[in-house]
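Notes follow the structure.
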Amino acid sequence: MRRTRIPALALTAALAVSAALPAAAAEEEPLTRAESAQQAIEAAAAYGGAVSIQYALWEDGEITMTGRSGTFSKSENRLLTDQDLYGIGSVSKMYTTAAVLQLVEKGKVDLDEPVKTYLPEFTMADERYVDITVRMLLNHSSGLMGDSTQSAFLFGEYNGEATDRLLERLSTQRLKADPGAYSVYCNDGFTLAELVVEAVSGEDFSAYVREHILAPAGLENTWSPAEEFDRDALARVYQGEDPRALPADTLNIVGAGGFYATASDLAAFGGLFCGGNEILSDASWEATANREYAGGIWAEESEDDVLAYGLGWDNVHMYPFQDNGITALVKGGDTLYYHAGLVVLPEEDMAVAVVSSGGVSTYNELAGIQILMDALAEKGVTVEQSTALPEAQPAALPEGLAEEVSGAYSGLTAMVTVSPSENGITLAAVAALGGNRMELTYYDDGSFRDAENTVRYRFVTEENGRTYLYEQTYTVLPGLPAVGTANYALERLEDHPLPADVAAAWEERGEKVYLIVNEAYNAQTYAVSSLFAGVGILPEMPGYAANCQIIDAENARYYLTLPGTGSRNGADLRFFTQEGVEYLQFGGYLAVDSASIPAIYTGAGAALSIQSDGYARWCQVGASAGKTVEIGIQGTGGFTVYDANGLMTASSAAWGDTSAVLPEGGWIVFAGDAGTRFTLTAQ
């Protein structure tokens, strides 16, 4: 579902892991292909912290190698096998892409027709939405705000609510960019594409994929969460280091990230994009490999980046293959618990899939690249890897340049300030993110580089008037191929002074915590991110909060226009007060100011119910800290308990808990259908 990259600005953690890994022992003889593959997947698992990992290599129409490592379950005496299923997250987008292109082949869909042609009920609170085409859904250039993740990530059974309600949610949203302006990762686009497939074909999406893709291809170990299958075959997933397995990791947005598969089935599916089959014509798979990202704003020097969107694909010229004249198509996928990588070499009739419980899709992709490089080497094809930056020399800093590019820059996960230094500039992370500093020297190619000449930055003002920080580097992780970064990593925030009263209102919110109240009781949100820290103003970025430009005391408008992934998941912020309680609305979520939350009562007859609005009810542990409480549930619902740091300690939905020890300074949330009643009995 989520797409991850490893930019240099966020590489510290990854490099710390690599430094902790033991160096590989010198081999007297070269590794066999199977030994090299095993080493690669074990390295990927180690870097990502995977519980288990599985791979398969497809060549010339058949699976030629498979392997696995890790533990199927931490508590069951059960071997890991090639038949175990894994969630493939956003690799599911390629099934959606294939389905749309099949309908194009039949003359039922035109990629360049507006989406509204096929979904007349599709509407938005932004007149530009009528210009969104089907192609824009598949190449991430629709301009949609981002991902409607409310009720999308669940534990347990699929119910389809997130997909069913997408049009309703979009009807009140604006666009963050003109359709086609630039490509930035967007799951909602693929959920819309899923709805297009259903509307045009007249079939349920999962049934369509089964009948027109999976069955004809003989893929019997690929499943939608909407289908009946043996869920006991799913490799177990876990919350951090807790040894208790979680329920099935279920995505309610199948076309964007919901499918499960074995590595063998996924690799064989990748083989459909090598041509020569009746499921997807050569013209269709070749269309997916077009450099779609180039139609909008994109860093010109981005050949070796991990992202270069085609139709569905994350990358259509993956490094290092493209440097060696080999076409490589890549799609990664990350749910909160499963991770997958699919790499296809269509001209070589090769595809590899690496799937894992825990981990990171980027590492899985790198393991897959190593497996393919070894397979090519056996055929006499050597894939060279260059990790050298373009040659340049330190030079005198042009007068005024450092001042010109100075300011605050922000992206999806990084916020920095740029300021002049003696021979170049200083890049400093904001204090809230650690405040780390990097001194950069000016070079005669117009770039700024670190002392070791391992990372290269440039400042580019695009045709939209926005200034971007371009970043280029290569990272070598022991045991895996190198990974390239070459993209617009950050965007400059224009000066935006605020009236004193408006600034004061937002600064106060920076000290608050907001709690989500409108998620399903079995939403994974409660396990990982239902307590939101303040959304106030950072000292380094006055006028902005959470990458939104503050409009007034109650509203902030999402600002970033970064292509790639830098401005994904945008949402405007709106605060309002109801019956003396402050609420925050962002995207599809509603959150309440935690200051209004009462302490839990655990005395005689203690009980509470979900009210008619269906909102979750939060309580502070307060004076009940240390008590063990039995919690009865009448109706459909569940509870989650958190410690003072917001970490989950007990959950009926995640772990089947029926009681909990209430931690000092902690929280407890009760969620479910309206009318669900919870009784509390203190031990």
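Every residue two or more places apart in sequence or in another chain that forms a side chain to side chain contact (heavy atoms under 4.5 Å, CB included) with Ala431 is listed here: Glu540. Every residue meeting the ring-ring contact (aromatic ring centres under 6.0 Å, His included) condition with Phe190, not counting sequence neighbours, appears here in chain and number order: His140. Under the rule for a side-chain hydrogen bond (donor to acceptor under 3.5 Å, both in side chains), Ser651 has no partner lying at least two apart in sequence or in another chain. Under the ring-ring contact (aromatic ring centres under 6.0 Å, His included) criterion, Trp223 pairs with Phe229, sequence neighbours left out. Listed by chain and residue number, Glu59, Glu378 satisfy the side-chain hydrogen bond (donor to acceptor under 3.5 Å, both in side chains) test with Arg33 (two or more places apart in sequence, or in another chain). Considering only residues two or more places apart in sequence or on other chains, Arg169 meets the side-chain hydrogen bond (donor to acceptor under 3.5 Å, both in side chains) condition with Gln150. Listed by chain and number, the residues in a side chain to side chain contact (heavy atoms under 4.5 Å, CB included) with Asp204 are Glu198, Ser206, Ala207 (sequence neighbours excluded). Judged as a side chain to side chain contact (heavy atoms under 4.5 Å, CB included), and not counting sequence neighbours, the contacts of Thr262 are Gln54, Leu85, Asn221, Ser264, Asp265. By the side-chain hydrogen bond (donor to acceptor under 3.5 Å, both in side chains) test, Thr676 is found to be paired with no residue, residues two or more places apart in sequence or in another chain being considered. Partners of Ser52 according to the side chain to side chain contact (heavy atoms under 4.5 Å, CB included) rule, which considers only residues two or more places apart in sequence or in another chain, are Leu80, Tyr86, Ala235, Ser357.
Checking side-chain atoms of Asn518 against main-chain N and O of Leu590 turns up a donor-acceptor pair under 3.5 Å. Judged by distance alone, the side chain of Glu194 and the main-chain N or O of Gly255 form a donor-acceptor pair under 3.5 Å. Of the possible donor and acceptor atoms, one in the side chain of Thr163 sits under 3.5 Å from a partner among the backbone N and O of Asn252. Judged purely by atom type and a 3.5 angstrom limit, Thr81 uses its side chain to pair as donor or acceptor with the backbone of Gln83. Within the 3.5 Å criterion, the main-chain N or O of Glu161 finds a donor-acceptor partner in the side chain of Asn159. Listed for the Asn522 side chain is no donor-acceptor partner under 3.5 Å among the backbone atoms of Ala653. Of the possible polar contacts, one joining the Asn547 side chain to the Gly411 backbone as a donor-acceptor pair under 3.5 Å is found. Although no hydrogens or angles enter the test, the distance criterion places a donor-acceptor pair under 3.5 Å between the side chain of Tyr642 and the main chain of Tyr526. Thr250 places a side-chain N or O within 3.5 Å of a backbone atom of Gly156 that can act as its donor or acceptor partner. Listed for the Ser36 side chain is no donor-acceptor partner under 3.5 Å among the backbone atoms of Thr32.
Between Phe153 atom CZ and Thr525 atom OG1 the span is 8.0 Å, to the nearest 0.5 Å. To the nearest 0.5 Å, the span separating CG on Leu480 from OH on Tyr47 amounts to 5.5 Å. Rounded to the nearest 0.5 angstrom, Ile63 CD1 and Trp58 CH2 are separated by 8.5 Å. To the nearest 0.5 Å, atoms OH (Tyr521) and OG (Ser151) are separated by 11.5 Å. For the atom pair CD1 (Ile253) and OG (Ser92), the distance works out to 9.5 Å, reported to the nearest 0.5 Å. Put simply, CG on Leu31 and CG on Asp374 are 8.5 Å apart, with the number rounded to the nearest 0.5 Å.
Within the 4.5 Å cutoff, the side chain of Leu251 has no heavy atoms near those of the Pro225 side chain. When side chains are defined from C-beta on, Met415 counts as touching Leu433, because their heavy atoms get closer than 4.5 Å. Asn364 has its side chain within reach of Ile53: a pair of non-hydrogen atoms, C-beta onward, lies under 4.5 Å apart.
Between Glu365 and Lys331, no side-chain nitrogen of the basic residue sits less than 4.0 Å from a carboxylate oxygen of the acidic one, so the salt-bridge criterion is not met. Ion pair Asp249/Arg231 not flagged as a salt bridge, since none of the NZ, NE, NH1 or NH2 atoms sits closer than 4.0 Å to an Asp/Glu carboxylate oxygen. Here Asp242 does not pair with Lys74 in a salt bridge; the nearest charged N to carboxylate O distance is not below 4.0 Å.
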Next item on the list: With side-chain contact (heavy atoms from CB on, under 4.5 Å) as the test, would you mind laying out the steps for Ile631 and Ile668 before giving the verdict?
Entry: CA-CA 11 Å; Ile631 301 174; Ile668 182 168; 3.8 Å; yes
Next item on the list: Report the C-alpha distance between Cys619 and Phe670 in whole Å, list the side-chain angles of each, state the deciding distance to 0.1 Å, and finish with yes or no for side-chain contact (heavy atoms from CB on, under 4.5 Å).
Entry: CA-CA 8 Å; Cys619 295; Phe670 302 90; 4.3 Å; yes
Next item on the list: Determine, stepwise, if the pair Lys93 / Thr96 fulfils side chain to side chain donor-acceptor pair (under 3.5 Å).
Entry: CA-CA 5 Å; Lys93 291 178 173 64; Thr96 306; over 6 Å; no
Checklist line | Tyr337 and Gln239: CA distance, side-chain angles, deciding distance, side chain to side chain donor-acceptor pair (under 3.5 Å) verdict | finding: CA-CA 8 Å; Tyr337 299 99; Gln239 185 74 14; 2.5 Å; yes
Checklist line | Step-by-step side chain to side chain donor-acceptor pair (under 3.5 Å) determination, Glu42 to Gln38 | finding: CA-CA 6 Å; Glu42 289 177 0; Gln38 194 68 20; 3.3 Å; yes
Checklist line | Ile597 vs Val592, side-chain contact (heavy atoms from CB on, under 4.5 Å): CA-CA, chis, key distance, verdict | finding: CA-CA 8 Å; Ile597 302 303; Val592 63; 4.0 Å; yes
Note to self: Using the rule given for salt bridge (Lys or Arg N to Asp or Glu O under 4.0 Å), can you reason through Asp188 versus Arg568, listing the C-alpha separation, both sets of side-chain angles and the distance that settles it, and then say yes or no?
What the structure shows: CA-CA 11 Å; Asp188 280 357; Arg568 65 175 294 181; over 6 Å; no
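Judged purely by distance below 3.5 Å, without hydrogens or angles, the side chains of Asp334 and His339 pair a donor atom with an acceptor atom. Neither side chain, Asp643 nor Thr649, offers a donor N or O lying under 3.5 Å from an acceptor on the other. Residues Tyr601 and Ser624 bring no donor and acceptor atom of their side chains to less than 3.5 Å of each other. With no hydrogens or angles considered, no side-chain donor-acceptor pair links Ser224 and Tyr260 at under 3.5 Å.
For residues 615-636, no pair satisfies salt bridge (charged side-chain N to carboxylate O under 4.0 Å, His left out), with sequence neighbours left out. Sorted by first and then second residue, the salt bridge (charged side-chain N to carboxylate O under 4.0 Å, His left out) pairs with a member in residues 586-606 read Lys512-Asp593; sequence neighbours excluded.
Taking all atoms of both residues into account, the shortest heavy-atom contact from Gly368 to Val352 is O-CG1, 3.4 Å. Minimum heavy-atom separation, Phe639 to Ala660: CE1-CB, 4.3 Å. Between Ala607 and Leu680, the closest heavy-atom pair is CA-CD1, 4.2 Å.
Environment of CD in Glu220: sparse, with no more than 12 heavy atoms of neighbouring residues, nucleotides or ligands closer than 6.0 Å.
Between Tyr95 and Phe259, the ring centre distance stays below 6.0 Å.
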